[in-house]
Amino acid sequence: MFGLIDCNSFYCSCEQIFRPDLRGKPVVVLSNNDGCIVARSKEAKALGIPDLEPYFKLEPLLKKHGVHVFSSNYALYGDISARVVDTIRQFASDVEVYSCDESFVRPIDGLFGNYQEYGQQIKKAIWKQVRIPVGVGIAQTKTLAKLANKAAKKIPKLNHVCVLEREDQREWLLRKAATKDVWGVGSRVSKRLADMGIHSAWDLANANTKHLRTQFNVTLERTVEELNGVSCLELDEQPSPKKQIYCTRSFGEKQSELEPIKQAVALYASRAGEKLRKQNCLATNMLVFLQTSPFGENHYSKSATIKLPYPTDDTRVLIAYATFAISQLFRKGYQFQKAGVGLIDITDKSNIQVDLFTPAQSLRSDKLMSLIDQVNSSFGRDTLFCAAEGTKKKWSMKQMKRSPMFTVDWSDLPLAACT
DNA sequence: TCTGGGGTCCTAGGACCC
DNA sequence: TCTGGGGTCCTAGGACCC
(Lines give C-alpha, C1' and ligand atoms only; values in the text may rest on other atoms or scores of the structure.)
Protein backbone atom coordinates (compact mmCIF):
# COMPACT_ATOMS: atom_id res chain seq x y z
CA MET A 1 0.00 0.00 0.00
CA PHE A 2 0.98 3.60 -0.59
CA GLY A 3 -0.02 6.63 1.41
CA LEU A 4 -0.05 10.21 0.17
CA ILE A 5 -0.10 13.08 2.63
CA ASP A 6 -0.93 16.38 0.99
CA CYS A 7 -1.14 19.70 2.83
CA ASN A 8 -4.34 21.69 2.30
CA SER A 9 -3.82 25.01 0.49
CA PHE A 10 -0.24 24.76 1.69
CA TYR A 11 1.05 28.34 1.26
CA CYS A 12 -2.14 29.78 2.74
CA SER A 13 -1.98 27.38 5.67
CA CYS A 14 1.63 28.46 6.34
CA GLU A 15 0.55 32.09 6.55
CA GLN A 16 -2.33 31.16 8.85
CA ILE A 17 0.02 29.52 11.37
CA PHE A 18 1.27 32.97 12.29
CA ARG A 19 -2.04 34.68 11.68
CA PRO A 20 -4.54 32.43 13.44
CA ASP A 21 -7.02 35.29 13.16
CA LEU A 22 -7.18 34.45 9.44
CA ARG A 23 -8.30 30.87 9.92
CA GLY A 24 -11.67 30.28 8.33
CA LYS A 25 -11.21 33.43 6.25
CA PRO A 26 -10.46 33.81 2.55
CA VAL A 27 -6.69 33.98 1.99
CA VAL A 28 -4.64 33.85 -1.21
CA VAL A 29 -0.90 33.70 -1.91
CA LEU A 30 0.67 35.15 -5.03
CA SER A 31 3.44 33.77 -7.24
CA ASN A 32 6.81 35.45 -7.70
CA ASN A 33 6.50 39.09 -8.68
CA ASP A 34 2.98 39.10 -7.27
CA GLY A 35 2.00 37.80 -10.70
CA CYS A 36 -0.63 35.10 -10.29
CA ILE A 37 -2.68 33.57 -7.53
CA VAL A 38 -1.06 30.23 -6.73
CA ALA A 39 -2.74 29.23 -3.48
CA ARG A 40 -6.26 29.78 -2.17
CA SER A 41 -7.76 28.87 1.17
CA LYS A 42 -10.97 26.88 1.16
CA GLU A 43 -12.95 30.04 1.76
CA ALA A 44 -11.23 31.82 -1.13
CA LYS A 45 -12.01 28.91 -3.45
CA ALA A 46 -15.64 29.10 -2.34
CA LEU A 47 -15.75 32.73 -3.49
CA GLY A 48 -14.98 31.48 -6.99
CA ILE A 49 -11.45 32.83 -7.15
CA PRO A 50 -9.72 30.86 -9.91
CA ASP A 51 -6.26 29.32 -9.69
CA LEU A 52 -3.33 30.77 -11.67
CA GLU A 53 -5.11 33.94 -12.71
CA PRO A 54 -3.17 37.20 -12.79
CA TYR A 55 -3.51 39.13 -9.56
CA PHE A 56 -4.17 42.52 -11.13
CA LYS A 57 -7.22 41.14 -12.93
CA LEU A 58 -8.75 39.83 -9.74
CA GLU A 59 -7.79 42.65 -7.44
CA PRO A 60 -11.26 44.27 -7.48
CA LEU A 61 -12.94 40.94 -6.65
CA LEU A 62 -10.46 40.28 -3.85
CA LYS A 63 -10.99 43.73 -2.37
CA LYS A 64 -14.75 43.40 -2.58
CA HIS A 65 -14.70 40.21 -0.50
CA GLY A 66 -11.98 41.35 1.88
CA VAL A 67 -9.64 38.54 0.85
CA HIS A 68 -6.25 38.60 2.59
CA VAL A 69 -3.43 38.63 0.09
CA PHE A 70 0.19 37.54 0.66
CA SER A 71 3.24 37.59 -1.60
CA SER A 72 4.98 34.23 -1.60
CA ASN A 73 7.49 33.67 1.19
CA TYR A 74 9.35 30.60 -0.04
CA ALA A 75 11.93 30.61 2.75
CA LEU A 76 9.13 30.29 5.30
CA TYR A 77 7.21 27.64 3.33
CA GLY A 78 10.40 25.61 2.91
CA ASP A 79 10.97 25.57 6.64
CA ILE A 80 7.38 24.62 7.46
CA SER A 81 7.56 21.92 4.79
CA ALA A 82 10.60 20.38 6.49
CA ARG A 83 8.74 20.32 9.81
CA VAL A 84 5.80 18.51 8.23
CA VAL A 85 8.18 15.91 6.76
CA ASP A 86 9.81 15.42 10.18
CA THR A 87 6.41 14.63 11.63
CA ILE A 88 5.57 12.22 8.81
CA ARG A 89 8.82 10.35 9.46
CA GLN A 90 7.53 9.51 12.94
CA PHE A 91 4.93 7.33 11.20
CA ALA A 92 6.87 5.74 8.36
CA SER A 93 10.44 4.73 7.68
CA ASP A 94 10.00 4.94 3.91
CA VAL A 95 9.13 8.47 2.82
CA GLU A 96 9.31 10.08 -0.60
CA VAL A 97 9.16 13.86 -0.41
CA TYR A 98 7.41 14.48 -3.71
CA SER A 99 7.03 18.25 -3.48
CA CYS A 100 7.01 20.91 -0.80
CA ASP A 101 3.48 20.00 0.24
CA GLU A 102 3.21 16.30 -0.62
CA SER A 103 4.89 13.13 0.61
CA PHE A 104 4.36 9.50 -0.30
CA VAL A 105 4.85 6.92 2.42
CA ARG A 106 4.74 3.16 2.75
CA PRO A 107 2.30 2.81 5.65
CA ILE A 108 3.48 0.59 8.45
CA ASP A 109 1.06 -2.30 8.50
CA GLY A 110 -0.98 -2.68 11.63
CA LEU A 111 0.57 0.28 13.43
CA PHE A 112 -2.84 1.51 14.54
CA GLY A 113 -4.96 -1.50 13.75
CA ASN A 114 -6.13 -0.29 10.37
CA TYR A 115 -5.22 2.16 7.61
CA GLN A 116 -8.09 4.50 8.38
CA GLU A 117 -6.84 4.98 11.94
CA TYR A 118 -3.24 5.25 10.70
CA GLY A 119 -4.23 8.13 8.41
CA GLN A 120 -6.16 9.85 11.16
CA GLN A 121 -3.18 9.66 13.50
CA ILE A 122 -0.82 11.23 10.96
CA LYS A 123 -3.31 13.99 10.27
CA LYS A 124 -3.72 14.72 13.98
CA ALA A 125 0.02 14.71 14.64
CA ILE A 126 0.79 17.17 11.84
CA TRP A 127 -1.91 19.50 13.06
CA LYS A 128 -0.72 19.24 16.65
CA GLN A 129 3.00 19.62 15.93
CA VAL A 130 3.04 22.04 13.00
CA ARG A 131 -0.50 23.43 12.73
CA ILE A 132 -0.89 22.42 9.10
CA PRO A 133 -4.11 20.70 7.95
CA VAL A 134 -3.59 17.75 5.63
CA GLY A 135 -5.49 15.13 3.66
CA VAL A 136 -4.41 11.50 3.51
CA GLY A 137 -5.03 8.99 0.72
CA ILE A 138 -4.08 5.32 1.07
CA ALA A 139 -4.33 2.78 -1.75
CA GLN A 140 -2.54 0.02 -3.66
CA THR A 141 -0.68 2.30 -6.07
CA LYS A 142 0.64 5.84 -6.07
CA THR A 143 -1.84 6.94 -8.72
CA LEU A 144 -4.75 5.54 -6.69
CA ALA A 145 -3.36 7.11 -3.50
CA LYS A 146 -3.29 10.46 -5.30
CA LEU A 147 -6.90 10.05 -6.33
CA ALA A 148 -7.91 8.92 -2.85
CA ASN A 149 -6.21 11.99 -1.45
CA LYS A 150 -8.30 14.25 -3.68
CA ALA A 151 -11.42 12.50 -2.49
CA ALA A 152 -10.34 12.87 1.14
CA LYS A 153 -10.35 16.63 0.68
CA LYS A 154 -13.51 16.90 -1.38
CA ILE A 155 -15.91 14.57 0.38
CA PRO A 156 -16.66 15.82 3.91
CA LYS A 157 -17.86 12.52 5.38
CA LEU A 158 -14.40 11.00 4.77
CA ASN A 159 -12.96 13.33 7.41
CA HIS A 160 -9.78 14.02 5.39
CA VAL A 161 -8.68 10.39 5.16
CA CYS A 162 -9.64 8.13 2.26
CA VAL A 163 -8.56 4.48 2.15
CA LEU A 164 -9.09 2.30 -0.90
CA GLU A 165 -8.71 -1.30 0.19
CA ARG A 166 -11.58 -3.22 -1.28
CA GLU A 167 -12.46 -3.62 -4.95
CA ASP A 168 -15.84 -1.90 -4.54
CA GLN A 169 -14.17 1.16 -2.96
CA ARG A 170 -11.83 1.49 -5.93
CA GLU A 171 -14.67 1.19 -8.43
CA TRP A 172 -16.76 3.70 -6.49
CA LEU A 173 -14.04 6.33 -6.62
CA LEU A 174 -12.97 5.70 -10.22
CA ARG A 175 -16.56 6.07 -11.38
CA LYS A 176 -16.79 9.41 -9.54
CA ALA A 177 -13.52 10.84 -10.90
CA ALA A 178 -13.00 12.47 -14.29
CA THR A 179 -9.93 11.54 -16.35
CA LYS A 180 -8.37 14.95 -15.78
CA ASP A 181 -8.43 14.27 -12.01
CA VAL A 182 -5.99 11.42 -12.59
CA TRP A 183 -2.32 12.08 -11.88
CA GLY A 184 -0.43 12.35 -15.17
CA VAL A 185 -3.47 13.13 -17.29
CA GLY A 186 -3.50 16.79 -18.19
CA SER A 187 -6.13 18.87 -19.90
CA ARG A 188 -4.83 18.04 -23.36
CA VAL A 189 -4.88 14.28 -23.01
CA SER A 190 -8.22 14.29 -21.18
CA LYS A 191 -9.77 16.16 -24.12
CA ARG A 192 -8.45 13.63 -26.59
CA LEU A 193 -9.70 10.83 -24.36
CA ALA A 194 -13.14 12.41 -24.25
CA ASP A 195 -13.22 12.35 -28.06
CA MET A 196 -12.62 8.61 -27.80
CA GLY A 197 -15.56 8.26 -25.42
CA ILE A 198 -13.40 7.93 -22.31
CA HIS A 199 -14.74 10.28 -19.64
CA SER A 200 -14.35 8.87 -16.14
CA ALA A 201 -11.29 7.38 -14.49
CA TRP A 202 -13.26 4.13 -14.56
CA ASP A 203 -13.56 4.34 -18.37
CA LEU A 204 -9.83 4.93 -18.56
CA ALA A 205 -9.02 2.00 -16.29
CA ASN A 206 -11.08 -0.27 -18.53
CA ALA A 207 -9.85 1.07 -21.85
CA ASN A 208 -7.82 -1.02 -24.27
CA THR A 209 -4.23 -0.42 -23.17
CA LYS A 210 -2.70 -1.55 -26.46
CA HIS A 211 -4.82 0.92 -28.38
CA LEU A 212 -4.01 3.72 -25.91
CA ARG A 213 -0.32 2.96 -26.23
CA THR A 214 -0.40 3.52 -29.99
CA GLN A 215 -2.44 6.72 -29.64
CA PHE A 216 -0.52 8.17 -26.69
CA ASN A 217 2.59 6.92 -24.90
CA VAL A 218 3.99 4.57 -22.28
CA THR A 219 3.26 6.98 -19.46
CA LEU A 220 -0.48 6.79 -20.04
CA GLU A 221 -0.30 3.00 -20.31
CA ARG A 222 1.38 2.92 -16.89
CA THR A 223 -1.28 5.22 -15.47
CA VAL A 224 -3.97 2.78 -16.63
CA GLU A 225 -2.15 -0.12 -14.96
CA GLU A 226 -1.86 1.89 -11.77
CA LEU A 227 -5.58 2.69 -11.80
CA ASN A 228 -6.16 -1.04 -11.95
CA GLY A 229 -4.12 -1.62 -8.83
CA VAL A 230 -0.97 -2.79 -10.61
CA SER A 231 1.87 -0.79 -9.12
CA CYS A 232 4.29 0.58 -11.76
CA LEU A 233 5.66 3.52 -9.79
CA GLU A 234 7.80 2.64 -6.83
CA LEU A 235 8.37 4.73 -3.73
CA ASP A 236 11.38 6.85 -4.63
CA GLU A 237 13.16 7.78 -1.43
CA GLN A 238 16.14 9.15 -3.29
CA PRO A 239 14.72 10.70 -6.42
CA SER A 240 17.14 10.30 -9.30
CA PRO A 241 19.29 13.30 -10.15
CA LYS A 242 17.76 15.85 -12.47
CA LYS A 243 18.64 15.61 -16.15
CA GLN A 244 18.09 19.32 -16.60
CA ILE A 245 18.27 22.10 -14.06
CA TYR A 246 16.68 25.47 -14.67
CA CYS A 247 16.59 28.81 -12.96
CA THR A 248 14.27 31.29 -14.66
CA ARG A 249 12.65 34.44 -13.30
CA SER A 250 10.52 37.33 -14.41
CA PHE A 251 12.05 40.70 -13.61
CA GLY A 252 10.38 42.96 -11.07
CA GLU A 253 10.28 45.65 -13.75
CA LYS A 254 10.74 45.35 -17.48
CA GLN A 255 14.38 45.75 -18.50
CA SER A 256 15.61 47.42 -21.68
CA GLU A 257 19.33 47.69 -20.87
CA LEU A 258 21.85 44.89 -21.16
CA GLU A 259 23.76 45.48 -17.93
CA PRO A 260 21.01 44.67 -15.39
CA ILE A 261 19.91 41.69 -17.47
CA LYS A 262 23.47 40.37 -17.38
CA GLN A 263 23.44 40.66 -13.59
CA ALA A 264 20.14 38.80 -13.31
CA VAL A 265 21.41 36.05 -15.58
CA ALA A 266 24.61 35.79 -13.51
CA LEU A 267 22.45 35.22 -10.44
CA TYR A 268 20.34 32.58 -12.23
CA ALA A 269 23.49 30.79 -13.42
CA SER A 270 24.81 30.80 -9.89
CA ARG A 271 21.54 29.38 -8.49
CA ALA A 272 21.51 26.65 -11.13
CA GLY A 273 25.12 25.84 -10.19
CA GLU A 274 24.13 25.46 -6.53
CA LYS A 275 21.45 22.95 -7.47
CA LEU A 276 23.87 21.12 -9.74
CA ARG A 277 26.47 20.75 -6.97
CA LYS A 278 23.80 19.58 -4.55
CA GLN A 279 23.19 16.53 -6.72
CA ASN A 280 26.92 15.98 -7.31
CA CYS A 281 26.86 16.49 -11.04
CA LEU A 282 28.59 18.40 -13.79
CA ALA A 283 27.00 20.02 -16.84
CA THR A 284 28.39 20.10 -20.36
CA ASN A 285 25.78 22.27 -22.04
CA MET A 286 23.89 25.36 -21.06
CA LEU A 287 20.72 26.95 -22.36
CA VAL A 288 20.10 30.67 -21.97
CA PHE A 289 16.94 32.50 -23.00
CA LEU A 290 15.59 36.03 -22.98
CA GLN A 291 12.08 37.20 -23.78
CA THR A 292 9.63 40.06 -23.74
CA SER A 293 6.15 39.55 -22.34
CA PRO A 294 4.25 37.05 -24.49
CA PHE A 295 1.09 39.08 -23.83
CA GLY A 296 2.38 42.34 -25.26
CA GLU A 297 2.79 43.33 -28.88
CA ASN A 298 6.03 42.80 -30.72
CA HIS A 299 6.95 39.68 -28.76
CA TYR A 300 10.60 38.74 -28.91
CA SER A 301 11.97 35.50 -27.54
CA LYS A 302 15.27 33.87 -28.24
CA SER A 303 17.36 31.12 -26.74
CA ALA A 304 20.81 29.72 -27.29
CA THR A 305 22.55 26.55 -26.25
CA ILE A 306 26.24 26.80 -25.50
CA LYS A 307 28.79 24.10 -25.02
CA LEU A 308 30.77 24.64 -21.84
CA PRO A 309 34.56 24.31 -22.15
CA TYR A 310 34.49 21.13 -20.06
CA PRO A 311 31.99 19.41 -17.75
CA THR A 312 31.74 21.83 -14.86
CA ASP A 313 29.86 23.00 -11.77
CA ASP A 314 32.02 26.07 -11.26
CA THR A 315 29.83 29.14 -10.78
CA ARG A 316 32.48 31.39 -12.34
CA VAL A 317 32.51 29.39 -15.57
CA LEU A 318 28.72 29.16 -15.66
CA ILE A 319 28.40 32.92 -15.17
CA ALA A 320 31.00 33.71 -17.82
CA TYR A 321 29.25 31.62 -20.47
CA ALA A 322 25.73 32.65 -19.47
CA THR A 323 26.51 36.37 -19.57
CA PHE A 324 28.29 36.01 -22.90
CA ALA A 325 25.26 34.21 -24.33
CA ILE A 326 22.80 36.76 -23.02
CA SER A 327 24.79 39.58 -24.65
CA GLN A 328 24.33 37.79 -27.97
CA LEU A 329 20.60 37.35 -27.44
CA PHE A 330 20.04 40.93 -26.31
CA ARG A 331 18.50 43.44 -28.76
CA LYS A 332 18.09 47.15 -28.24
CA GLY A 333 14.59 48.57 -28.20
CA TYR A 334 12.74 45.79 -26.38
CA GLN A 335 11.19 45.71 -22.93
CA PHE A 336 12.41 42.38 -21.60
CA GLN A 337 10.28 40.61 -19.04
CA LYS A 338 12.07 37.37 -18.26
CA ALA A 339 15.31 35.44 -18.66
CA GLY A 340 16.58 32.06 -17.62
CA VAL A 341 19.49 29.68 -17.47
CA GLY A 342 19.26 25.93 -17.90
CA LEU A 343 21.94 23.32 -17.37
CA ILE A 344 21.46 20.43 -19.75
CA ASP A 345 23.48 17.29 -20.49
CA ILE A 346 24.18 16.62 -16.86
CA THR A 347 26.44 13.77 -15.80
CA ASP A 348 27.35 12.34 -12.46
CA LYS A 349 30.60 13.74 -11.16
CA SER A 350 31.96 10.27 -10.43
CA ASN A 351 31.71 8.96 -13.98
CA ILE A 352 32.93 11.85 -16.07
CA GLN A 353 34.86 10.91 -19.19
CA VAL A 354 38.07 12.87 -19.19
CA ASP A 355 39.58 13.99 -22.44
CA LEU A 356 43.29 13.67 -23.01
CA PHE A 357 43.54 16.90 -24.94
CA THR A 358 41.12 19.29 -23.24
CA PRO A 359 41.37 20.54 -19.69
CA ALA A 360 38.93 19.37 -17.04
CA GLN A 361 37.76 21.27 -14.01
CA SER A 362 40.60 21.83 -11.58
CA LEU A 363 40.77 20.62 -8.01
CA ARG A 364 41.07 24.26 -6.94
CA SER A 365 37.64 24.95 -8.46
CA ASP A 366 36.13 22.03 -6.57
CA LYS A 367 37.58 23.27 -3.31
CA LEU A 368 36.45 26.84 -3.85
CA MET A 369 32.91 25.82 -4.76
CA SER A 370 32.48 23.55 -1.76
CA LEU A 371 33.85 26.30 0.49
CA ILE A 372 31.33 28.81 -0.91
CA ASP A 373 28.51 26.31 -0.43
CA GLN A 374 29.56 25.65 3.15
CA VAL A 375 29.81 29.31 4.05
CA ASN A 376 26.45 30.09 2.48
CA SER A 377 24.78 27.18 4.18
CA SER A 378 26.12 28.24 7.60
CA PHE A 379 25.73 32.00 7.33
CA GLY A 380 22.88 32.37 4.88
CA ARG A 381 22.54 32.36 1.15
CA ASP A 382 24.48 35.12 -0.61
CA THR A 383 26.99 35.59 2.19
CA LEU A 384 29.48 34.89 -0.60
CA PHE A 385 28.47 35.65 -4.16
CA CYS A 386 30.01 36.68 -7.46
CA ALA A 387 30.23 40.41 -8.04
CA ALA A 388 28.79 39.85 -11.53
CA GLU A 389 25.44 39.28 -9.87
CA GLY A 390 25.42 42.95 -8.88
CA THR A 391 24.57 44.47 -5.54
CA LYS A 392 21.64 46.76 -6.31
CA LYS A 393 19.36 44.29 -8.06
CA LYS A 394 16.85 46.75 -9.45
CA TRP A 395 15.49 43.90 -11.56
CA SER A 396 14.67 41.65 -8.62
CA MET A 397 11.14 40.60 -8.02
CA LYS A 398 8.24 42.52 -6.65
CA GLN A 399 6.88 41.32 -3.32
CA MET A 400 4.60 43.94 -1.91
CA LYS A 401 2.84 41.81 0.67
CA ARG A 402 5.40 39.36 2.02
CA SER A 403 5.00 38.14 5.56
CA PRO A 404 8.04 38.04 7.89
CA MET A 405 10.30 34.97 7.72
CA PHE A 406 9.07 33.95 11.17
CA THR A 407 10.96 30.70 11.62
CA VAL A 408 13.88 31.40 9.28
CA ASP A 409 15.35 34.75 10.22
CA TRP A 410 16.27 35.74 13.80
CA SER A 411 15.13 39.30 13.27
CA ASP A 412 11.68 38.08 12.19
CA LEU A 413 11.08 35.89 15.21
CA PRO A 414 7.46 36.30 16.33
CA LEU A 415 6.96 38.04 19.66
CA ALA A 416 4.67 36.65 22.31
CA ALA A 417 2.91 39.43 24.19
CA CYS A 418 2.87 39.14 27.97
CA THR A 419 0.00 40.92 29.64
C1' DT B 1 0.19 53.66 -14.86
C1' DC B 2 0.88 49.07 -15.43
C1' DT B 3 0.60 44.53 -14.26
C1' DG B 4 0.33 37.54 -16.57
C1' DG B 5 4.96 31.83 -12.06
C1' DG B 6 8.54 28.27 -12.14
C1' DG B 7 10.53 23.59 -13.19
C1' DT B 8 11.38 19.27 -15.88
C1' DC B 9 11.12 16.34 -19.68
C1' DC B 10 10.11 15.25 -24.37
C1' DT B 11 9.41 15.73 -29.39
C1' DA B 12 8.93 17.75 -33.97
C1' DG B 13 11.20 19.90 -37.46
C1' DG B 14 14.90 22.41 -39.70
C1' DA B 15 19.79 22.80 -40.93
C1' DC B 16 23.78 20.67 -41.91
C1' DC B 17 27.01 16.89 -42.77
C1' DC B 18 28.68 12.56 -44.82
C1' DT C 1 19.41 14.16 -65.61
C1' DC C 2 17.23 13.16 -61.52
C1' DT C 3 16.86 11.08 -57.19
C1' DG C 4 18.21 9.24 -52.60
C1' DG C 5 19.42 7.64 -46.41
C1' DG C 6 20.92 8.39 -41.96
C1' DG C 7 22.92 10.91 -38.19
C1' DT C 8 23.66 14.95 -35.15
C1' DC C 9 22.81 19.28 -33.37
C1' DC C 10 19.91 23.10 -32.41
C1' DT C 11 15.60 25.55 -31.49
C1' DA C 12 10.89 26.10 -30.46
C1' DG C 13 7.20 24.65 -28.26
C1' DG C 14 4.12 21.20 -26.03
C1' DA C 15 2.78 18.71 -21.95
C1' DC C 16 2.62 17.99 -17.36
C1' DC C 17 3.42 19.01 -12.48
C1' DC C 18 3.21 22.06 -8.25
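Chain identifiers are assigned alphabetically (A, B, ...) following the order of the sequence lines, protein sequences preceding nucleic acid strands; residue numbering begins at 1 within each chain.
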Main-chain N/O of A:Gly35 paired to A:Asn33 side chain as donor or acceptor, under 3.5 Å: no

Touch class at under 4.0 angstrom, heavy-atom based, for A:Glu102 against every strand present: sugar-phosphate

Protein-nucleotide distance (A:Ile344, atom CD1; B:dG7, atom C1'), rounded to Å: 14 Å

A:Gln361 and A:Asp366, any side-chain heavy atoms less than 4.5 Å apart: yes

Pair A:Phe336 + A:Trp395: ring centers closer than 6.0 Å: no

Nearest-angstrom distance, P atom, B:dG4 to C:dC18: 25 Å

A:Thr292-A:Gln337 side chain donor-acceptor pair, cut-off 3.5 Å: no

Listed nucleotide nearest any side-chain atom of A:Lys254, set C:dC17, B:dG6, B:dT3: B:dT3

Geometric cation-pi criterion A:Arg331 and A:Tyr300, 6.0 Å radius, 45° cone: no

Touch class at under 4.0 angstrom, heavy-atom based, for A:Asp101 against every strand present: sugar-phosphate

Given DNA chain B, 5'-ward residue of the pair A:Thr248 and A:Tyr55, judged by closest heavy atom: A:Tyr55

Between C:dC18 (P) and A:Asp6 (CG): distance, integer Å: 8 Å

Sugar-phosphate, base or nothing in reach of A:Phe10, heavy atoms under 4.0 Å: nothing

Within residues 184-202 of chain A, residues whose heavy atoms come under 4.0 Å of DNA chain C: A:Gly184, A:Val185, A:Gly186, A:Ser187, A:Arg188, A:Val189

Any donor-acceptor pair under 3.5 Å from A:Asn73 side chain to A:Pro404 backbone: yes

Salt bridge (Lys or Arg N to Asp or Glu O under 4.0 Å) evaluation trace for A:Glu53 with A:Arg40: CA-CA 11 Å; A:Glu53 273 294 304; A:Arg40 303 159 295 157; over 6 Å; no

Protein-nucleotide distance (A:Lys57, atom NZ; B:dC2, atom C1'), rounded to Å: 13 Å

Phosphate contact (B:dG6 OP1 or OP2) by A:Asn32 side-chain N/O below 4.0 Å: yes

Touch class at under 4.0 angstrom, heavy-atom based, for A:Lys180 against every strand present: nothing

Heavy-atom protein contacts under 4.0 Å, nucleotides 8-16 of chain B, coded B base, S sugar-phosphate only, - none: BB-------

Whole angstrom value for the distance that separates C1' of B:dC2 from NZ of A:Lys398: 7 Å

Test item: A:Arg131 side-chain N/O and A:Trp127 main-chain N/O as donor-acceptor pair under 3.5 Å: yes

For atom CG of A:Asp51 and atom P of C:dC17, their distance in whole Å: 13 Å

Sidechain-backbone polar pair: A:Asp181 side chain, A:Ala177 backbone, donor-acceptor under 3.5 Å: no

Spacing between A:Glu59 atom CD and B:dG4 atom P, to the nearest angstrom: 13 Å

A:Met397 CE - B:dG4 C1' separation (whole Å): 16 Å

Passing option when A:Asp313 is tested against A:Lys349, A:Arg277, A:Lys275 for salt bridge (Lys or Arg N to Asp or Glu O under 4.0 Å): A:Lys349

Atom-to-atom span, CZ of A:Arg40 to P of C:dC18 - whole angstrom: 14 Å

N/O donor-acceptor pair under 3.5 Å between A:His299 side chain and A:Ser293 backbone: yes

Under the 3.5 Å Watson-Crick or G-U criterion, the dot-bracket string of DNA chain C, with | for inter-strand pairs: ....||||||||||||||

Aromatic centroids of A:Tyr268 and A:Tyr246 separated by under 6.0 Å: no

